Amino acid sequence: MTIAELEEAKAKSLGEIAAAADAAALEALRVRYVGRNGSIPALIKAMKDVPKEDRPAFGKAVQQWRAEVEAALAGKTVQGGGKRVDCDITLPGRWRACGVEHPLSRVVEESAAIFGRLGFTVADGPEFENVFNNFTALNTPAHHPTMDRSDTFWFGDDCLLRTQTSPVQIRTMMANKPPVRVICPGRTYRRDTTDATHSANFHQIEGLYVDTKPVSLADLKSVLAYFAKEMMGDGVTVRFRPHFFPFTEPSVEVDFSCHVCKGRGCGVCKQSGWIEVAGAGMVDPRVFRHVGYDPDVVSGYAFGFGVERVAMIKYGIPDIRWFYENDIRFLEQLG
Ligand code: PHE
């Protein structure tokens, strides 16, 4: 083979490599040109037949051919676990899904921002609690229905999964002197059967404001009214209905006016014009005594609302289970 013939063969081989349609074709070309019995090694073996004076130039041309073939083969492959993968740099890039914030996280973040504007900071507490923090200090006696064994996940006599975020109130007051102004978002657990509106694991946001200057139910109402407007939009109002909680006196249930029908009555609010969102009230003096606060000196309010509940009405979600299924279509739609 002359050097001119060699250059021709080289051009042909590079053309074939460039045109190879898939990994199998590339592999066949690799075997044909640089494989153990390929044409390039054969030429190297045949060097001894080349006239001595032509040998250096010919050898150089063969080595150059081999290098170019190898480079072309490498250029057509992308390392992928040792496998040869076709690489066409003219194809559009691979699309990678970009995550969106979960609707429950969004409600928590938004709530923290809204209450943050009112001076509330975020407090945290463990999901495993003891009887004192989850019940006793919250003035909940052993015979109270919420302390019923059937509602609570127990792990021995003094360890349970918190049934509410209210124990974080206790922890916060025991660790700080008044005034305290916190919200406590977190997971809560109840032994409920799961259906469209119930889940054994759900989320609450607790709020607590205690001060040495008088705090009133009117303060509570104004704060929740502000929250309702910021979260649900202008025109949403709140109403208090008398209720009972062991740790607040007086206690109320808090309704938001239905943001869908503006209070006229619709399917979302079951024709009542109102949607129940939270429990709240003025902190019971017994709770203050449990945490070492003097009820003659301090007063305060507390509230607790369900994150799922707010998210369901804000985004019009009919089934609580959708939040936990991680169906990407659902998450993307809300994101
Ligand atoms: N912890 C109560 C519940 O889970 C809600 C609540 C919080 C009520 C704070 C009053 C004050 O139902």
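The analysis underlying the following values was restricted to heavy atoms, covering all of them including side chains, and did not include hydrogens, waters or symmetry mates. Index from 1, following the sequence. Remember, it's 1-based here, ligands and their atoms both numbered in the order they're listed. No experiment lies behind these values; they were computed from the predicted model shown.
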request  = Keeping the roles fixed (side chain from S257, backbone from K262), state whether a donor-acceptor pair exists under 3.5 Å.
outcome  = no
Basic-acidic side-chain contact under 4.0 Å: [X], [Y]:
{"X": "R171", "Y": "E129", "value": "yes"}
{"X": "D327", "Y": "R329", "value": "yes"}
{"X": "K12", "Y": "E8", "value": "no"}

Contact atoms of ligand 1, heavy-atom distance to [X] under 4.0 Å:
{"X": "A302", "value": "9 (C), 11 (C)"}
{"X": "A280", "value": "8 (C), 10 (C), 11 (C)"}
{"X": "G304", "value": "6 (C), 7 (C), 9 (C)"}
{"X": "F303", "value": "7 (C), 9 (C), 11 (C)"}
{"X": "Q204", "value": "3 (C), 4 (O)"}

Is [X] close to ligand 1, meaning an N/O of one under 3.5 Å from an N/O of the other?
{"X": "R190", "answer": "yes"}
{"X": "Q169", "answer": "no"}
{"X": "Q164", "answer": "yes"}
{"X": "S166", "answer": "yes"}

ask   = salt bridge (charged side-chain N to carboxylate O under 4.0 Å, His left out) between D319 and R321: does it pass, once the steps are laid out?
value = CA-CA 5 Å; D319 193 320; R321 289 168 291 199; 2.8 Å; yes
Please table the atom pairs, donor to acceptor, closer than 3.5 Å between any side-chain atom in residues 66-75 and protein atoms at least two apart or in another chain.
{"from": "E68", "atom 1": "OE2", "to": "K10", "atom 2": "NZ", "distance (Å)": "3.0"}
{"from": "E68", "atom 1": "OE2", "to": "Q64", "atom 2": "NE2", "distance (Å)": "2.8"}

inquiry  = Taking the six-membered ring for Trp, are F120 and F227 closer than 6.0 Å centroid to centroid?
reply    = no
task = Quick one: look up the protein heavy atom nearest atom 12 (O) of ligand 1 and list residue, atom name and how far away it is.
result =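 For atom 12 (O) of ligand 1, the nearest protein heavy atom comes out as F245 CE2, 3.7 Å.
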query = What orientation do F323 and H102 show, parallel under 30°, tilted 30 to 60°, or perpendicular over 60°?
reply = tilted
contact_flag F247 ligand 1 heavy-atom lt 4.0 Å =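 Yes.
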ask   = Among the heavy atoms of M282, does any lie under 4.0 Å from an atom of ligand 1?
value =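 No heavy atom of M282 comes that close to ligand 1.
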